[in-house]
2 protein chains.
Amino acid sequence: MTPLPKDEAKHRRIIQAAIQVFAEEGVSNGKIANIAKAAGIGKGTIYEYFRSKTEIFLAVFEYYFNKLLKGYEQLIREDLDPTRKIEKILDYTFDSLDEQLSNGSSPDWLIFLEIFLQGYRNEILGDGELLFSDTLRKMYTLFEPLLEEGITAGVFKSLETEHAIFILFAALDGIGLHYFINRNHYQKELLKTTIKEIILHGLLKTDSRKV
Amino acid sequence: MTPLPKDEAKHRRIIQAAIQVFAEEGVSNGKIANIAKAAGIGKGTIYEYFRSKTEIFLAVFEYYFNKLLKGYEQLIREDLDPTRKIEKILDYTFDSLDEQLSNGSSPDWLIFLEIFLQGYRNEILGDGELLFSDTLRKMYTLFEPLLEEGITAGVFKSLETEHAIFILFAALDGIGLHYFINRNHYQKELLKTTIKEIILHGLLKTDSRKV
DNA sequence: TATGGCTGACCGACCGGTCGGTCATAATAA
DNA sequence: TTATTATGACCGACCGGTCGGTCAGCCATA
């Protein structure tokens, strides 16, 4: 299946170039010629590393998924109590998005969303119908032990973990999306506080909050 | 600007056909020829009603926005206390999505998302017409009085309304999206309960909950 | 001279939009 | 009433531009 990438660095450069082009022009409008130009190579060379545009798309998907997963995995491994850990996850998600937005170039968030859209519509894979939702659920699963720990400790409400994690993750994703869309109209720190006030405290069994 | 739609019913039929085609093939891959076929008319006729594919796209956007807005407006007008109203809004959003999913045909949610995606991409990189994010914020605004009422009544926490509504709305949107992607893996009623448990109760000043 | 990574001119399928023509109906004339 | 003409909604073959993918040859290296 894999076409033997001869030069690993160039392989990565093509993926990075594809990300840039997809983000600027969209996945279906993103042109191979532009990816080649952005990568500083000829169009034909792309086809030495990838069989098709679809294969480039899948590589980008994989890149993003691993990046996201790694970030969350690291957070979860830290030695903190569940409440503090959830708090950090909320902050982390928000901050990393904000960082992407502020460094000028086209943000990952947009392309990540489109990747899922494309993937889900099955435009790309005839058979891979389950790839995308399965992948997503793999990410949810990562958080389940954390929630269970909090419930066992009596800090979190005794919610059904699978569904609660789903809500948490989905809500966070939506907030990220809308923040991206409206980033000029809201104050970052106030949003972060409000997120915790609503979502984290919605999770807690008892609240000892300011007002 | 408007090209005088001669036959109002046919105009609507084209929009409906476009929705169907966009949902199945995506916005940028959706073919005018297929829209014409789905509407049961010739391709040329499309251009008697719309100047371009972009204009069709905008008409679809408008259709969806008005539909969504109308649903929420109606809910907000009902005579209920703020808590119960938020609860109904959460239920309504979820139920209407679920209804769309179960009636087999391609769900609105997907195309709605892509509409925004396309719109934002143009907004960000194009000539800066702020149509889409402005439109979205108009929807947020709808909920602000509701939240203020709850805060004044002392039922909700005294959150900054604009930011709180943003969180609420964005979270709900994300949940809808993820539910769409993973609809086979979760129980609807349990999700609805969990949503209220986390999000509604995160909003409340004091909780009198079961567990 | 041989190898093979690399290249971009080129091919052909595809698709948004056009335009000359058709035809059902309406308006007018006989 | 019937014949003739005018209207414009409707159509789909066609055009021109676009873009994913190919391939014949270039060139650096051994």
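Keep in mind it's a predicted model, so treat the numbers as computed, not measured.
- When heavy atoms are screened at a 4.0 angstrom cut-off, A:Lys10 is found touching the sugar-phosphate backbone but no base atom.
- The ring-ring contact (aromatic ring centres under 6.0 Å, His included) test applied to A:Phe156 returns no partner, not counting sequence neighbours.
- In terms of heavy-atom proximity, B:Ile175 sits nearest to A:Ala171 at CG1-N, 4.0 Å.
- Applying the salt bridge (Lys or Arg N to Asp or Glu O under 4.0 Å) test to A:Lys43 and every residue at least two apart in sequence or in another chain returns nothing.
- Judged as a salt bridge (Lys or Arg N to Asp or Glu O under 4.0 Å), and not counting sequence neighbours, the contacts of B:Glu87 are B:Arg84, B:Lys196.
- When rounded to the nearest whole Å, the span between CG of B:Asn34 and P of C:dC14 equals 12 Å.
- Below 30°, between 30° and 60°, or above 60°: for B:Phe143 and B:Tyr72 the angle between ring planes is above 60°, a perpendicular geometry.
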Which atom pairs link the protein and nucleotides 17-21 of chain D when you take only N or O atoms and keep those under 3.5 Å?
from	atom 1	to	atom 2	distance (Å)
D:dC19	OP1	A:Lys31	NZ	3.1
D:dG20	OP1	A:Gly30	O	3.2
D:dG20	OP1	A:Lys53	NZ	3.4
D:dG20	OP2	A:Ile32	N	2.8
D:dG20	N7	A:Lys43	NZ	3.3
D:dG21	OP2	A:Tyr47	OH	2.9
D:dG21	OP2	A:Lys53	N	2.9
D:dG21	N7	A:Lys43	NZ	3.1
D:dG21	O6	A:Lys43	NZ	2.2

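- For B:Gln187, the side chain to side chain donor-acceptor pair (under 3.5 Å) test picks out no residue, with sequence neighbours left out.
- To the nearest angstrom, C1' of D:dC11 lies 15 Å from NZ of B:Lys37.
- Residue-level contact check: A:Ile46 touches neither bases nor backbone, having no heavy atom under 4.0 Å from any strand.
- As a whole-Å value, the separation of B:Tyr49 OH from D:dA9 P is 7 Å.
- Between B:Thr45 and the phosphate of D:dA9, there is no side-chain N or O to OP1/OP2 separation shorter than 4.0 Å.
- Between B:Ile46 atom CD1 and B:Lys10 atom NZ the span is 10.5 Å, to the nearest 0.5 Å.
- For the pair A:Glu48 CD and C:dG8 P, the interatomic distance rounds to 13 Å; values are reported in whole Å.
- Taking the six-membered ring for Trp and the full ring otherwise, the centers of A:Tyr186 and A:Tyr179 sit at least 6.0 Å from each other.
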Table of protein N/O atoms under 3.5 Å from nucleotides 26-30 of chain D N/O atoms:
none

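- Across the protein-nucleic acid pair, B:Asp7 atom CG and C:dT25 atom C1' stand 15 Å apart, rounded to whole Å.
- Under the 30°/60° scheme for interplanar angles, the aromatic rings of B:His11 and B:Tyr49 are found to be tilted.
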